[in-house]
There are 2 protein chains.
Amino acid sequence: MKKKPPVALEPSSLKKLADYLGVSPATVSVVLRDVPGRSIPQATRDRIKAAAKKLNYQPSLLARALRNRRTSTIGVLVPELGDGYHTQMMSGVGNQLMNAGYFYFTAHHRHRKNLIEEYSQMLLGRGAEALIAIDSALEHSFPVPVVAIAGHRPIEGVTNVLLNHRRAAELTLTHLYSLGHRNIAFMRGQSFSSDSDERWRNLVQVAREMGISVKSDLIVQLNLDMQSPELGYPVVGFL
Amino acid sequence: MKKKPPVALEPSSLKKLADYLGVSPATVSVVLRDVPGRSIPQATRDRIKAAAKKLNYQPSLLARALRNRRTSTIGVLVPELGDGYHTQMMSGVGNQLMNAGYFYFTAHHRHRKNLIEEYSQMLLGRGAEALIAIDSALEHSFPVPVVAIAGHRPIEGVTNVLLNHRRAAELTLTHLYSLGHRNIAFMRGQSFSSDSDERWRNLVQVAREMGISVKSDLIVQLNLDMQSPELGYPVVGFL
DNA sequence: TTGAAAGCGCTAACAT
DNA sequence: ATGTTAGCGCTTTCAA
């Protein structure tokens, strides 16, 4: 079995390719994109495709985007990159995006207000046609479609995807209760994460309804600004 | 205190701005970028900057990139998005990149060979000026600088950043040994991750040197294709 | 001190 | 069946 040799050719441009072949750029463009409605002899088509492969032609998506006014790029705002929570959302988001033929720029802002603003502008400037903001405190609407996940507050024109914290509370507490537990400890999430308050409110509410008492000495507040499981070490006594 | 009203203006172009002001695009461009060497009256400068702010002008980084042949964009290849390991690297990478004024595209390939190839090409086509490949099985060199982290094999022109598995093994085993442990169990990483073999080799080697016996009934192999801590549940008996 | 013009790489409309 | 042209939004000579 012969090994494929390492490939590392200079990227050539459409025009060079056309010159090389003695045809017009338009023809090359049309052939390479399989645009219907233009009749071009199969021979020419083959010649062009072969040359493209041979010269390792890669269309400049940059130029194409400029010309088409379409970047096929989405901007993703996320508080942090290294954690398992937000990043797992990104994973799903990324999957769908790539399947749909989109690229995405990511920017993380660590919940810093000015960075949220700055980066969202940057993403737009860089050609993002829409924004997906995960747990990010957006402050105004945008000239492009925006979907917020766990958005901090409702914003005109921003679709906000929310967890059903009520249902979550019911599930958790019912589960523990059915196991026979009555002394339940609560870890409250960090205040900078938008879900924390809602989650807590619902937990307390559902607990009351179920007759589970929330004892103040069994409530601990997570404060560390980190996302790994270590976050919980101090309060559960590992440290 | 007055609330800032939501902002959502149409992005205007350099040319429109120039027309609006009755100056040439060149002048606007120069002023907005603070290009030295062109003497322009302060009054004009102020007028231009004010108008830019007022009309919410955002330069098209796309057009700029095309013109300058410089995208300030790096492509990042990663196996998976939702895990804590690779993503923590991405976090560091992302930080530095953003600090340095770079954007980055991310693509994840789940260790699928064809996707690795496809996406690296896409990233280049999209304007990436360099690639960072994390635990990705690259197969050839590239016309741009590439840094691999935990690269699967050495490739001409690709800088490979490797963990010192030997040292890691020494640290781990010494630690356990000093705690008095002699019966040590080993979990071998999934085979598709490039570090696994090296890590294992060194562990065995160091264990032998330290006189720690590696008992075959204390070796378990992780096989699940997932990255969360659940990965280890089966083998440690949680399930 | 400022403007006009060319051109980055591409595609769509309009010739031929 | 194919080529020519204009222009996406910007920057950079070169002129004025």
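Convention: sequence-line order gives letters A, B, ...; per-chain numbering from 1.
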Colleague: Parallel under 30°, tilted from 30 to 60°, perpendicular over 60°: which one fits the rings of B:His152 and B:His111?
Modeller: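 Taking B:His111 first and then B:His152, their aromatic rings sit tilted (interplane angle of 30° to 60°).
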Colleague: Just how far, in rounded Å, is C1' of D:dG7 from CG of B:Leu62?
Modeller: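 Rounded to the whole Å, the gap is 15 Å.
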Colleague: Kindly indicate whether the side chain of A:Met98, heavy atoms from C-beta on, has any atom under 4.5 Å from the side chain of B:Met122.
Modeller: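 Not touching, per the 4.5 Å side-chain cut-off.
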Colleague: Contact between B:Lys15 and B:Val28 at the side-chain level, heavy atoms closer than 4.5 Å - yes or no?
Modeller: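 No, every pair of side-chain atoms sits at 4.5 Å or beyond.
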Colleague: Parallel under 30°, tilted from 30 to 60°, perpendicular over 60°: which one fits the rings of B:His140 and B:Phe142?
Modeller: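 The rings of B:His140 and B:Phe142 sit tilted, inter-plane angle from 30° to 60°.
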Colleague: Tell me if the aromatic rings of B:Tyr119 and B:His109 count as close, with their centers under 6.0 Å from one another.
Modeller: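 Ring centres of B:His109 and B:Tyr119 not closer than 6.0 Å.
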Colleague: Base, sugar-phosphate or nothing for B:Gly37? Non-hydrogen atoms, less than 4.0 Å.
Modeller: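 Since no nucleic acid heavy atom lies under 4.0 Å of B:Gly37, the category is nothing.
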Colleague: Would A:Arg126 and A:Phe105 count as a cation-pi pair here, with the cationic atom under 6.0 angstrom from the ring centre and within 45° of the axis?
Modeller: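 Cation-pi check for A:Arg126 and A:Phe105: fails.
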Colleague: Between B:Ile132 and B:Met90, does the side chain to side chain contact (heavy atoms under 4.5 Å, CB included) criterion hold? Intermediate values first, please.
Modeller: CA-CA 10 Å; B:Ile132 295 178; B:Met90 270 194 54; over 6 Å; no
Colleague: Using five pairs at either end of the helix from C:dT1-D:dA16 to C:dT16-D:dA1, determine the angle between the two local helix axes and round it to 10 degrees.
Modeller: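 Roughly 50°, once rounded to the nearest ten degrees.
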Colleague: Does some side-chain heavy atom of B:Leu14 sit less than 4.5 Å from a side-chain heavy atom of B:Tyr57?
Modeller: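 Counting from C-beta outward, B:Tyr57 and B:Leu14 do come under 4.5 Å.
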Colleague: Rounded to the Å, how far apart are A:Arg69 CZ and D:dG7 C1'?
Modeller: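 Rounding to the nearest Å, CZ of A:Arg69 and C1' of D:dG7 are 9 Å apart.
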Colleague: Summarise how protein sits on nucleotides 11-16 of chain D as a single string, 5' to 3': B when a protein heavy atom is under 4.0 Å from the base, S for sugar-phosphate-only contact, - for no contact.
Modeller: BBBB--
Colleague: Does B:Leu66 reach a base, just sugar-phosphate, or nothing at all? Heavy atoms under 4.0 Å.
Modeller: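 Answer is base: heavy atoms of B:Leu66 come under 4.0 Å of a base.
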Colleague: Could you check whether any side-chain heavy atom of B:Leu138 comes within less than 4.5 Å of a side-chain heavy atom of B:Ser120, counting everything from C-beta outward?
Modeller: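 Counting from C-beta outward, B:Leu138 and B:Ser120 never come under 4.5 Å.
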Colleague: Kindly indicate whether the side chain of B:Leu115, heavy atoms from C-beta on, has any atom under 4.5 Å from the side chain of B:His108.
Modeller: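 No, their side chains stay 4.5 Å or more apart.
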Colleague: Students should find this one: the first and last nucleotides of DNA chain C, 5' to 3', lying under 4.0 Å from a heavy atom of chain B. What are they?
Modeller: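 It runs C:dT1 to C:dG9.
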Colleague: Assign each of A:Lys15 and B:Ser39 to its nearest nucleotide of DNA chain C by heavy atoms, then name whichever residue's nucleotide is nearer the 5' end.
Modeller: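 The 5'-side residue here is B:Ser39.
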Colleague: Within the pair B:Ser60 and D:dG9, is there a side-chain N or O less than 4.0 Å away from OP1 or OP2?
Modeller: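 Checking B:Ser60 against D:dG9: no side-chain N or O falls below 4.0 Å of OP1 or OP2.
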Colleague: With a 3.5 Å distance limit and no angle check, can you tell me whether B:Ser13 reaches the backbone of B:Lys16 through a side-chain donor-acceptor pair?
Modeller: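 Confirmed, B:Ser13 side chain pairs with B:Lys16 backbone.
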